[in-house]
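Take a look at the structure set out below.
Since the model is a prediction, treat every value here as computed from it, not as a measurement. Computed from heavy atoms alone, side chains included, the values below leave out hydrogens, waters and symmetry copies.
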Amino acid sequence: MTRIGVVGAGILGLAVARRLAEVRPDDSVTVLEKEDRVAAHQTGHNSGVAHAGLYYAPGSLKATLCRRGIGLLKDYCGERGLPFDECGKVVVARDESELGALAEIERRATENGVPGLRRLSAAGLREVEPHAAGVAALHSPHTAIVDFPAVARAYADDVRKAGGTIKLGFEVTRLLRAGDKVVVNGEVFDRLIVCAGLQSDRVARLAGDSPAPAIVPFRGEYYRLVPARTELVRGLIYPVPDPRYPFLGVHFTRRVDGGVDIGPNAVLALAREGYRRRDFRAGDLWETLAWPGFRHLARQHWRTGLKEMYGSAVKRAFLAEAQAFVPELAAADMVPAPAGVRAQAVDPDGSLVDDFRIGTLGPITTVRNAPSPAATSSLAIAEYVVERVFQSPASS
């Protein structure tokens with residue numbers, strides 16, 4: 001029997017544990033989570049979008065695992081009676097200057113095999129989203145919304161039913177490699193898989209991995225439409241992304257409970273898990289500021305950073321960004337909504353790590369970067385990671 005530990009009970013760690021229990025039923029699987037519940041951080045604070053694979057470079061891990069992952073997720077939600085609403089998504093070009101970038105997204109999406117794509121004129125856009133404005137759009141009818149915390153809880157149930165263990169309140173503070181074994185806070189494992197999200201670089205360093213990439217936390221702040229105005233948005237309305245900042249750009253996201261969120265922006269969080277503006281941890285902030293990659297990033301993109309901070313501080317600036325897509329929107333239509341924190345991996349030269357990054361240190365596998373669409377891709381990433389750890393499901 002192989003003893004396998006998984007650090008992190010977010011959606012990815014739980015998907016990996018579930019896959020291990022599925023293909024290696026004779027092994028012992030234990031999930032280690034520092035919080036008192038699963039899905040406490042990124043999984044529990046994300047937008048709930050199941051991405052169809054529009055943006056990602058063809059052939060990249062993101063593209064491959066997203067396309068497989070959304071199919072697996074749809075089937076899983078159907079089997080478990082969880083919501084999976086294909087409300088559809090439009091990516092909107094506000095003016096002619098964005099048509100070239102829209103065409104590039106269409107090319108990538110086509111190569112990635114995204115089904116049902118349609119290029120829309122301004123009139124066609126209004127047929128899909130009557131209150132949206134733009135000169136053209138790309139419509140992805142199979143982009144969906146789900147309840148990712150509920151999915152994560154279902155994964156956890158699967159792990160437990162298969163005989164696995166989830167240890168809550170277990171913060172990894174000591175990690176030693178002893179020959180071909182791994183000792184975590186005194187517990188011995190034959191294999192360890194680190195899926196620690198916002199803490200992934202810290203746990204990887206405990207394992208002896210490189211400091212790079214380091215996690216720089218960005219808080220994404222949202223507003224929410226008041227219930228009387230949710231009819232302004234039928235599904236998902238997204239901007240054409242700036243390739244330099246693929247995670248930026250205010251958009252409209254319908255939720256499975258019928259609400260509609262607007263956002264996010266992205267401002268530096270003053271704590272790794274700083275969901276509120278007042279959340280501050282001196283050690284976390286110092287670690288971010290001391291990272292050479294952050295200093296390079298700040299020098300290169302300070303203007304964008306100031307713009308995001310202004311949008312955070314001044315509601316009318318945030319509103320103006322949103323009104324570019326839904327002109328009828330008014331300040332009275334928006335109320336503050338809970339924020340999320342993005343674990344943005346940054347290399348020493350200031351480059352934002354875009355694709356999934358997974359490393360191996362003997363018996364330890366580290367997921368160093370798993371940004372969106374990691375939740376969408378969770379079941380496919382789990383397949384990939386488990387195969388990587390053991391080369392094939394039947395190996396020991």
Side-chain angles (χ1 to χ4, degrees), residues 41-42 45-47 49 55 91-95 97-98 101 197-198 213-225 236-253 260-281 284-326 329 331 333-347 349-354 369 371-373:
H41 291 295
Q42 290 187 107
H45 293 82
N46 71 19
S47 64
V49 177
Y55 309 108
V91 181
V92 178
R94 291 170 290 186
D95 54 47
S97 70
E98 295 183 335
L198 285 160
I215 295 300
V216 175
F218 286 95
R219 187 175 63 255
E221 297 169 332
Y222 291 85
Y223 284 89
R224 182 164 292 163
L225 287 181
L236 309 170
I237 303 174
Y238 274 57
V240 174
D242 183 333
R244 296 172 300 169
Y245 314 109
F247 60 90
L248 290 186
V250 168
H251 48 269
F252 294 77
T253 306
V260 176
D261 285 354
I262 311 168
N265 61 358
V267 295
L268 181 68
L270 304 183
R272 280 287 175 108
E273 296 157 1
Y275 300 103
R276 300 166 300 180
R277 293 180 184 180
R278 67 178 183 270
D279 290 339
F280 171 77
R281 293 191 64 177
D284 288 357
L285 181 59
W286 171 250
E287 189 174 338
T288 293
L289 298 178
W291 175 240
F294 174 76
R295 298 198 296 273
H296 286 299
L297 179 70
R299 281 196 295 269
Q300 295 167 25
H301 305 295
W302 63 270
R303 289 182 179 84
T304 300
L306 287 177
K307 179 183 176 184
E308 292 296 303
M309 291 169 65
Y310 183 68
S312 171
V314 181
K315 183 178 180 179
R316 67 176 180 272
F318 196 107
L319 172 65
E321 287 282 320
Q323 284 175 324
F325 300 95
V326 180
L329 187 68
D333 299 332
M334 306 190 323
V335 294
V341 178
R342 177 187 177 92
Q344 178 60 58
V346 178
D347 275 328
D349 65 357
S351 300
L352 303 176
V353 181
D354 184 49
N369 190 53
S372 178

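- The distance from the OG atom of Ser351 to the CD atom of Gln300 is 7.0 Å, given to the nearest 0.5 Å.
- Using a cut-off of 4.0 Å between Lys/Arg side-chain N and Asp/Glu carboxylate O, Arg281 and Glu273 are scored as not salt-bridged.
- The side-chain heavy atoms of Ser312 and Arg277, taken from C-beta on, include a pair separated by under 4.5 Å.
- Separating the CG atom in Asp354 from the CG atom in Asn369 is a distance of 8.0 Å, to the nearest 0.5 Å.
- In this model, a donor atom of one side chain and an acceptor atom of the other lie less than 3.5 Å apart for Asn265 and Glu221.
- Under the 3.5 Å distance criterion, the side-chain polar atoms of Asp284 are matched with a main-chain donor or acceptor of Arg272.
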Can you list the steps and then say if Val92 with Phe252 is a side-chain contact (heavy atoms from CB on, under 4.5 Å)? CA-CA 11 Å; Val92 178; Phe252 294 77; over 6 Å; no
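- Between Phe318 and Tyr223, the distance from one ring center to the other falls under 6.0 angstrom.
- Side-chain atoms of Leu329 and Ile262, non-hydrogen and from C-beta on, do get closer than 4.5 Å to each other.
- In this structure, the side chains of Tyr222 and Ser47 come closer than 4.5 Å at one or more pairs of heavy atoms.
- To the nearest 0.5 Å, the span separating CG on Asp347 from CG on Leu297 amounts to 11.0 Å.
- His41 and Tyr275 have parallel rings, their planes meeting at less than 30° on a 0 to 90° scale where 60° marks the start of perpendicular.
- We find the CG-NE2 distance between Asp349 and His296 to be 7.0 Å, quoted to the nearest 0.5 Å.
- Listed by first then second residue, pairs satisfying salt bridge (charged side-chain N to carboxylate O under 4.0 Å, His left out) with a partner in residues 309-324 read Lys307-Glu321, not counting sequence neighbours.
- Taking the side chain as every heavy atom from C-beta outward, Val346 and Val353 never approach each other to under 4.5 Å.
- Distance check, rounded to the nearest 0.5 Å: CG of Asp261 to NE2 of His251 gives 9.0 Å.
- In this structure, CG in Leu270 is found 12.5 Å from CZ in Arg276, a value given to the nearest 0.5 Å.
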